[in-house]
Amino acid sequence: MKASKFKFYSLLGQIGFWSILVLIHFMEEIDYSSLGISIFYAFSQVAGIATITYIHYYLLIPLLNRDKPRLYALSTLGLISANCVLNFWVLVHFPFDYETDYGQEFWGTFIYDFLLSSVIVGSSSMYYFVEVWIKNQQVESQLKNEKLQTELNFLKSQINPHFLFNTLNNIYSYAQTNNPKTAPMLERLSSILRFMVYDCSEDIVALNKEVKAVENLLEIQKMKNSTQQNICLTTTGIKGFHLIAPLIIVNFVENACKHSDTISNPKGFINIKIEVDENDHCQLEIVNSVKKKTLNPSRYQGLGMVNIRKRLDLQYPDRHQLTEQKTEDTYRLHLSMPLSRKK
């Protein structure tokens with residue numbers, strides 16, 4: 001519960017509590033005194049208890065925060081006792097419609113007022129510490145969210161250059177030889193850049209935009225080898241309202257392109273399948289052949305892959321499954337994750 005909402009409900013609760021306490025005292029007295037005296041009696045009794053309650057709440061409890069427990073205990077005990085004595089003095093001089101011997105009832109009245117005041121003061125202490133706990137929880141939650149957002153922004157800043165530099169290096173090699181594929185590759189890259197600059201600043205993006213960026217990335221990969229026919233993307237069940245954390249699928253695909261042998265090996269392949277079921281659960285499967293020099297599994301554990309795993313843990317904690325299988329000439333990745341819907 002937010003601190004502001006807690007304060008609102010607690011204010012209503014306090015008004016209700018004091019009203020009930022006034023009513024109880026009024027009902028006790030109305031059978032013996034007139035209406036006016038009963039009302040005055042009820043308000044005077046509750047006013048004394050309310051006074052010590054708020055003095056205790058605003059002035060005495062903070063002494064505990066200053067490491068003064070003895071002063072707090074003595075002050076609270078003295079405040080309650082003083083209120084009981086004052087209450088009894090008021091009762092003795094109160095113009096009741098009947099006579100009573102308060103001299104014989106001093107200790108009974110004192111103990112009753114003492115216990116009632118102690119219970120209410122104890123309740124105010126509980127309220128104080130609950131309020132402090134809620135405030136601390138809210139501050140902790142805000143700090144946690146700010147930390148997560150800062151970490152996510154950092155991870156994005158690490159992923160974007162990783163992807164861009166790999167792609168720009170490939171285009172640069174074609175530009176040096178005036179290759180006619182350079183312009184189409186730049187056009188595809190500019191589309192990817194627009195996606196990264198204008199869409200990926202948000203926490204979630206439309207899945208179809210992420211898939212479009214994947215298509216552009218794969219087209220760039222195909223242009224590197226005009227005879228390559230084994231790069232395939234299959235999508236099923238994707239709707240316009242499906243949302244996903246940006247650059248998750250794109251960077252997995254970019255990693256496959258980086259480590260595959262589709263440029264040098266005509267039989268090399270990259271097969272990507274993206275399926276979304278009726279429960280808005282996304283299944284991503286990537287299977288690609290690998291370069292012979294990539295046999296060392298650690299080569300797949302570069303900065304990009306490490307960052308993607310961190311982002312999945314931050315944005316889909318305990319809600320995703322990522323598995324990898326590596327053989328001598330094949331790499332397989334499967335990611336299962338929930339999608340959100342555009343509102």
Side-chain angles (χ1 to χ4, degrees), residues 1-33 37-94 96 102 105-149 317-318:
M1 181 184 294
K2 292 183 178 179
S4 57
K5 187 177 292 187
F6 176 78
K7 282 187 176 181
F8 174 75
Y9 286 125
S10 67
L11 178 61
L12 292 181
Q14 291 174 58
I15 294 174
F17 175 77
W18 296 125
S19 300
I20 292 173
L21 202 59
V22 167
L23 181 61
I24 291 174
H25 282 82
F26 172 79
M27 297 301 294
E28 287 180 349
E29 189 62 27
I30 191 63
D31 292 336
Y32 308 102
S33 301
I37 290 179
S38 298
I39 293 175
F40 185 79
Y41 167 78
F43 275 99
S44 65
Q45 290 294 295
V46 174
I49 298 176
T51 299
I52 68 167
T53 300
Y54 290 111
I55 291 176
H56 169 263
Y57 180 84
Y58 288 107
L59 299 180
L60 300 187
I61 294 182
L63 293 174
L64 293 175
N65 296 331
R66 297 199 291 268
D67 295 326
K68 297 181 178 180
R70 289 186 179 181
L71 180 60
Y72 162 78
L74 292 174
S75 300
T76 301
L77 182 62
L79 183 66
I80 293 176
S81 300
N83 177 70
C84 294
V85 173
L86 179 63
N87 242 359
F88 185 79
W89 183 87
V90 171
L91 289 177
V92 170
H93 296 82
F94 197 82
F96 289 111
Y102 280 107
E105 299 181 9
F106 173 79
W107 286 111
T109 304
F110 183 91
I111 292 173
Y112 170 80
D113 287 337
F114 187 89
L115 290 177
L116 178 61
S117 300
S118 298
V119 169
I120 295 176
V121 166
S123 300
S124 74
S125 299
M126 292 179 60
Y127 170 83
Y128 178 87
F129 290 112
V130 168
E131 183 181 36
V132 169
W133 180 80
I134 290 177
K135 287 181 179 178
N136 290 339
Q137 288 293 108
Q138 188 172 359
V139 171
E140 184 178 345
S141 177
Q142 289 175 346
L143 291 175
K144 184 177 179 181
N145 290 336
E146 290 175 3
K147 180 182 177 182
L148 289 177
Q149 190 60 49
D318 302 321

The side chain to side chain donor-acceptor pair (under 3.5 Å) partners of Tyr58 (sequence neighbours excluded) come to none

Nearest atoms (heavy-atom pairs only) where Leu79 meets His56:
CD2-N, 4.2 Å

Check ring pair (Phe, Tyr, Trp, His ring centres under 6.0 Å) between Tyr128 and all other residues, then give those that pass, not counting sequence neighbours.
Tyr57

Please report the shortest heavy-atom distance between Tyr72 and Leu60, naming the atom on each side.
CD1-O, 3.2 Å

Any residue meeting side chain to side chain donor-acceptor pair (under 3.5 Å) with Gln14, in chain and number order, not counting sequence neighbours
Tyr54

List the residues meeting side-chain contact (heavy atoms from CB on, under 4.5 Å) with Thr53, not counting sequence neighbours, and say none if there are none.
Trp18, Ile49, Ile120, Ser124

Rounded to the nearest 0.5 Å, what's the gap from CZ on Phe17 to CG on Leu12? Could you check?
15.5 Å

Which residues pass the side-chain contact (heavy atoms from CB on, under 4.5 Å) test with Leu77, not counting sequence neighbours?
Ser81, Phe114

Ring pair (Phe, Tyr, Trp, His ring centres under 6.0 Å) filter on Phe26, not counting sequence neighbours, yields none

Heavy-atom closest pair, residues Ser75 and Leu71:
OG-O, 2.7 Å

Any residue meeting side-chain contact (heavy atoms from CB on, under 4.5 Å) with Leu59, in chain and number order, not counting sequence neighbours:
Ile55

Quick one: list whatever passes side-chain contact (heavy atoms from CB on, under 4.5 Å) with Leu115, sequence neighbours left out.
Ile111

Considering residues at least two apart in sequence or located in another chain, which fulfil the side chain to side chain donor-acceptor pair (under 3.5 Å) criterion with Thr76?
none

